[in-house]
2 protein chains.
Amino acid sequence: MELPEAKQKFIEAWGKLGSEWGINRTMAQVHALLLVTSTELTTEEIMESLSISRGNANMTLRDLMGWGLVEKLHKAGERKEYFFADKNTWNIARQVAKERRKRELEPVMKILDELVKVKGDSKDPEFATFNKSVTDINKMAKNVDKTLETMLKAEENWFWGSIFKMFK
Amino acid sequence: MELPEAKQKFIEAWGKLGSEWGINRTMAQVHALLLVTSTELTTEEIMESLSISRGNANMTLRDLMGWGLVEKLHKAGERKEYFFADKNTWNIARQVAKERRKRELEPVMKILDELVKVKGDSKDPEFATFNKSVTDINKMAKNVDKTLETMLKAEENWFWGSIFKMFK
DNA sequence: ATAAACTTTCAATATATTTTGAAAGTTTAA
DNA sequence: TTAAACTTTCAAAATATATTGAAAGTTTAT
């Protein structure tokens, strides 16, 4: 397989994975493109390369910057903005974990905390079932949250090393 | 907050979280409804309770059974099918992890394995960048895969116990 | 000030996903 | 059989999400 075809395959695969995980396909594709490109790219080049419109490219790049996955730089004497992605996979994973935790896990945990407090007759099977499910899910959410917190603080080797210890 | 309102809130929250993670909202809501209901429910009751059509209820329940999150049972002397959800949170997490691993991680890993093999001139920055990104992502994917495998085999206490050791 | 170079916005449009509901299919009891 | 009770299917409709592109906005150089 030649490099351009391989890049194309990577962009497609990353786009598909992204869309399966609630990240818009174009956003994942722009990210993928920047990951496999050694130079910084302009909006123009990204539009061209992925056949997307200016508006789409602009919004997507802003989103990616909002996620902390892409940065822009200005070259001396030029007015165009150049974009590049952090290529450190560990940073990418941490950044995604950080954002999703904030955007999705936190709001759900807030609701669960409310629901755990709901009082009722523990003899009532409906209440008992509700209470058990909500309490259990709340505990798991807290475990996930703590694990993510650890991951955010951790160095890559330490983190995977710890995971591997689980295999004994 | 009263129980019916609390159930409603839970169903909404679970539906929202699901849709942010690539699981269709209705599917997550039906699952949530079954999680907080002590009795088995018929298609009719689920349709009624969530205001969804028969077709939608039927397809969603089949999907949930496909994910291994819901089962049906037949009551003696009755023709209707009754549905209920496994209420063990750890089982739910494992089941979801298992399915998504098979449906999403495996196909991506297959592509990454191909892309890692692509040969090129290591003096060419374009090739070097491509190769590094793909190789790094492949490694992380393999780590995630192994962690999931461990999780699938593990008992709940052992798994979270191991995670907690990470905090020292 | 002006205009060229560039970026951002957003209403309109296109695309993708989900839902409906009525018809077709299946099973069971009599 | 037949018919009632129930489940499944799927084309059409509704809804939600993503994309376009031209106009408006901004910045910089002259």
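Letters A, B, ... mirror the listed sequences (proteins, then strands); counts begin at 1.
- Atoms CZ (A/F83) and C1' (C/dT7) sit 9 Å apart, rounded to a whole Å.
- From one end of the helix from C/dA1-D/dT30 to C/dA30-D/dT1 to the other, with five pairs defining each end axis, the axis direction shifts by 10° (rounded to 10°).
- Distance, A/H74 NE2 to D/dA29 P: 12 Å, rounded to whole Å.
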Which is it for A/K110 and A/E114 under the salt bridge (charged side-chain N to carboxylate O under 4.0 Å, His left out) test, yes or no, and what are the steps along the way?
-> CA-CA 7 Å; A/K110 222 175 129 197; A/E114 290 302 310; over 6 Å; no

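- In this structure, CG of A/D63 is placed 13 Å from C1' of C/dT8, rounded to the nearest angstrom.
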Passes side chain to side chain contact (heavy atoms under 4.5 Å, CB included), A/H74 versus A/E81? Steps please.
-> CA-CA 5 Å; A/H74 290 271; A/E81 296 179 326; 3.4 Å; yes

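- Heavy atoms from other residues, nucleotides or ligands lying under 6.0 Å from CD of B/E48 number 12 at most.
- Between the P atom of D/dT7 and the CD atom of B/E44 lies a distance of 8 Å, rounded to the nearest Å.
- What separates CG of B/N58 from C1' of C/dT18 is a distance of 15 Å, to the nearest Å.
- Using cut-offs of 30° and 60° on the angle between ring planes, the pair A/W14 and A/F10 is parallel.
- Under the 3.5 Å distance criterion, with hydrogens and angles disregarded, no donor-acceptor pair is assigned to the side chains of B/W90 and B/E155.
- As rounded to whole Å, 16 Å separates atom P of D/dA5 from atom CD of B/E81.
- Between the CG atom of B/L61 and the P atom of D/dC6 there is a distance of 16 Å, rounded to whole Å.
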Which letters describe nucleotides 10-26 of chain D, given B = protein heavy atom under 4.0 Å from base, S = only from sugar-phosphate, - = neither?
-> B-------SSBB-----

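- Remark: C1' of D/dT7 and CG of B/L64 are 17 Å apart, rounded to the nearest angstrom.
- Of the residues B/D136, B/T129, B/T135, the one that meets the side-chain hydrogen bond (donor to acceptor under 3.5 Å, both in side chains) test with B/K132 is B/D136.
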